[in-house]
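A quick write-up on the structure given underneath.
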Amino acid sequence: MKLLTYKTAETEPRLGFLHNNLIIDMEDFGEISNFPLPIDMLDLIDMGFEIISEISEMILETREIDFEQIGYKFEEVEILAPIQKPRKNIIGIGLNFTEHVAESARTLDTTGKLPQKPIIFSKPPTTVTATNTNVILNTKLTQQLDWEVELAVVIGKTGKYVANADALDYVFGYTVINDISARDCRREGQWIVSKGQDTFAPMGPYLVTKDEFSNPHDINLSLKVNGVEKQNSNTKFLLFNINDLIEDLSTVFTIEAGDIIATGTPAGVGAGRTPQEWLKDGDVMEATVEGIGTLINTVKEI
């Protein structure tokens, strides 16, 4: 199921899902199905993954004319980030594609050695922005703004010391994140200033539930800047796969429903190119993950 957060000219942000090229309001669907459903993505996640099976069954029992009465066309809504304000920092994973490790060593201050354990950083909730919004280029802070397409994992339930084989049981779904990075803002090896500025985590356009993916470790991901492809890879090349990440992270701290893990970016970032390429005012990024969609953002200099 493709879930989304949206608003219209008349409404505050609301939860919806896609059905036959319509955006169906989740709360309204619950009303016609006589089954109370929330208006917020985090509240839905808190209900557990089993709720998706129940909603799917109700969809099969609903007439198309009923969907038309509670649905919107795409041009009637503004699509927001699926989780507008995460409860905690987004968990980022650095250097998680082998070729990206190599390109980073050539141009940044990384060693080039393959990490033996996941490299963990975080992005504050205020980094989140939606598709079709601006990414801020604050020239007082950075002259080296860069792109990073990533598959993001959304956790569905609390876990501690999760076994590797059980890790996918803790996943609610997946979305797209563009891990925007200011390469000249790292401080003594710390990445949060580089990664954590406002609008540095475009997310969306949808959150797709895990049942839509037969294998999350075989998903294509790519990124274009101004129509020119810069990144193209597949999650099968992750150094630490999703199972590994959830096992490791849940050993370090408790994972909880609504947590977001950005799993890492492949080669092709601006810092790794010859010559290096940096985002500038007006540049348009298109970050695509197979089975989810394309996240589009424009750079805005301030």
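Hydrogens, waters and symmetry mates are skipped; everything else that's a heavy atom, side chains included, is used.
Looking at heavy atoms from C-beta onward, Asn20 lies out of side-chain contact with Phe67 at the 4.5 angstrom threshold. Leu22 places a side-chain heavy atom less than 4.5 Å from the side chain of Lys73. Looking at Thr158 and Glu256, their side chains come closer than 4.5 Å, going by heavy atoms from C-beta outward. Looking only at side-chain heavy atoms (C-beta outward), Pro124 and Asn89 come within less than 4.5 Å of each other. Side chains of Lys300 and Thr199 form no contact here, defined as non-hydrogen atoms less than 4.5 Å apart. At least one side-chain heavy atom of Val149 sits less than 4.5 Å from a side-chain heavy atom of Pro266. Side-chain contact check for Ile83 versus Ile45: some heavy-atom pair is nearer than 4.5 Å. Taking the side chain as every heavy atom from C-beta outward, Glu247 and Phe240 never approach each other to under 4.5 Å.
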Verdict with reasoning, Thr8 to Val77, per side-chain contact (heavy atoms from CB on, under 4.5 Å): CA-CA 5 Å; Thr8 70; Val77 309; 4.0 Å; yes
Check against side-chain contact (heavy atoms from CB on, under 4.5 Å), Leu295 and Thr175: CA-CA 10 Å; Leu295 176 65; Thr175 189; over 6 Å; no
Check against side-chain contact (heavy atoms from CB on, under 4.5 Å), Lys230 and Met285: CA-CA 10 Å; Lys230 302 296 183 179; Met285 299 171 286; over 6 Å; no
side-chain contact (heavy atoms from CB on, under 4.5 Å) assessment of Trp147 paired with Gln231: CA-CA 9 Å; Trp147 58 81; Gln231 294 180 282; 3.3 Å; yes
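Under the salt bridge (charged side-chain N to carboxylate O under 4.0 Å, His left out) criterion, Asp46 pairs with Arg87, not counting sequence neighbours. Residues passing the salt bridge (charged side-chain N to carboxylate O under 4.0 Å, His left out) test with Glu301: none are found, sequence neighbours excluded. Applying the salt bridge (charged side-chain N to carboxylate O under 4.0 Å, His left out) test to Asp66 and every residue at least two apart in sequence or in another chain returns Arg63. Applying the side-chain hydrogen bond (donor to acceptor under 3.5 Å, both in side chains) criterion to Lys236, with sequence neighbours excluded, gives no partner residue.
From Asp43, atom CG reaches atom CE of Met26 across 11.5 Å, with rounding to the nearest 0.5 Å. One distance of note links CD1 of Ile120 with CG of Asn96; it measures 10.5 Å at 0.5 Å rounding. Considering OG1 of Thr265 and CD1 of Ile177, their distance stands at 11.5 Å, rounded to 0.5 Å. From Ser214, atom OG reaches atom CD1 of Ile219 across 8.5 Å, with rounding to the nearest 0.5 Å. Note: Leu137 CG to Asp283 CG = 9.5 Å, rounded to the nearest 0.5 Å. Rounding to the nearest 0.5 Å places CG of Leu80 at 12.0 Å from CE of Met203.
Applying the ring pair (Phe, Tyr, Trp, His ring centres under 6.0 Å) definition to pairs two or more places apart or across chains, those involving residues 119-145 are Phe121-Trp191.
A donor-acceptor pair under 3.5 Å links the side-chain atoms of Lys2 to the main chain of Ile292, judged by distance alone. A donor-acceptor pair under 3.5 Å is absent between the side-chain atoms of Asp198 and the main chain of Thr127, judged by distance alone. No donor-acceptor distance shorter than 3.5 angstrom exists from the side chain of Asn134 to the backbone of Ile136, with no hydrogens or angles considered. The main-chain N or O of Ile296 is never found under 3.5 Å from a side-chain atom of Glu286 such that the two would form a donor-acceptor pair. Checked by atom type and distance alone, the side chain of Gln143 pairs as donor or acceptor with a backbone atom of Thr139 at under 3.5 Å. Asp146 places a side-chain N or O within donor-acceptor distance of the main-chain N or O of Ala271, the cut-off being under 3.5 Å. Checking side-chain atoms of Gln276 against main-chain N and O of Thr274 turns up no donor-acceptor pair under 3.5 Å. In this structure a side-chain-to-backbone donor-acceptor pair under 3.5 Å is missing from Ser122 to Ile90.
Inspection of the Thr142 and Asp184 side chains reveals an N or O donor paired with an N or O acceptor under 3.5 Å. Tyr6 and Asp25 form a side-chain donor-acceptor contact under 3.5 Å, judged by distance and modelled atom types alone. Residues Asn232 and Asn220 have side chains that never bring a donor and an acceptor to within less than 3.5 angstrom of each other. Gln197 and Asn138 share no side-chain donor-acceptor pair at under 3.5 Å.
The local environment of CG in Asn215 is crowded, with over 12 non-hydrogen atoms from other residues, nucleotides or ligands closer than 6.0 Å. Counting non-hydrogen atoms of neighbouring residues, nucleotides and ligands closer than 6.0 angstrom, the CD atom of Gln190 reaches no more than 12 such neighbours. When the shell of 6.0 Å around CD of Glu188 is examined, it contains 12 or fewer heavy atoms from other residues, nucleotides or ligands. When the shell of 6.0 Å around CD1 of Ile65 is examined, it contains 12 or fewer heavy atoms from other residues, nucleotides or ligands. Heavy atoms of other residues, nucleotides or ligands lying less than 6.0 angstrom from CD of Gln69 number more than 12. For Glu64, the CD atom is densely surrounded, since the number of other residues' heavy atoms within 6.0 Å is greater than 12. Other residues, nucleotides and ligands contribute over 12 non-hydrogen atoms within 6.0 Å of the NZ atom of Lys160.
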Just distance, no hydrogens or angles: give the donor-acceptor pairs under 3.5 Å from side chains in residues 48-58, sequence neighbours left out.
unit_1: Ser56; atom_1: OG; unit_2: Ile52; atom_2: O; d: 2.8

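Annotation for Gly264 and Glu150: closest pair N-OE1, 2.9 Å, computed over non-hydrogen atoms. Nearest heavy atom pair, residue Thr5 against residue Ala81, reads CB-O, 3.5 Å.
With hydrophobic clusters built from ILVMFWY side chains whose heavy atoms lie under 4.5 angstrom apart, Val128 shares a cluster with Leu42.
With respect to Asp179 and Lys123, a salt bridge is recorded, a charged nitrogen being found less than 4.0 Å from a carboxylate O.
Looking at Val284, Val225, Leu145 one by one, the single match for side chain to side chain contact (heavy atoms under 4.5 Å, CB included) with Val299 turns out to be Leu145. Pro216 pairs in a side chain to side chain contact (heavy atoms under 4.5 Å, CB included) with only one of the listed residues (Leu238, Val153, Ile242, Thr235), which is Ile242.
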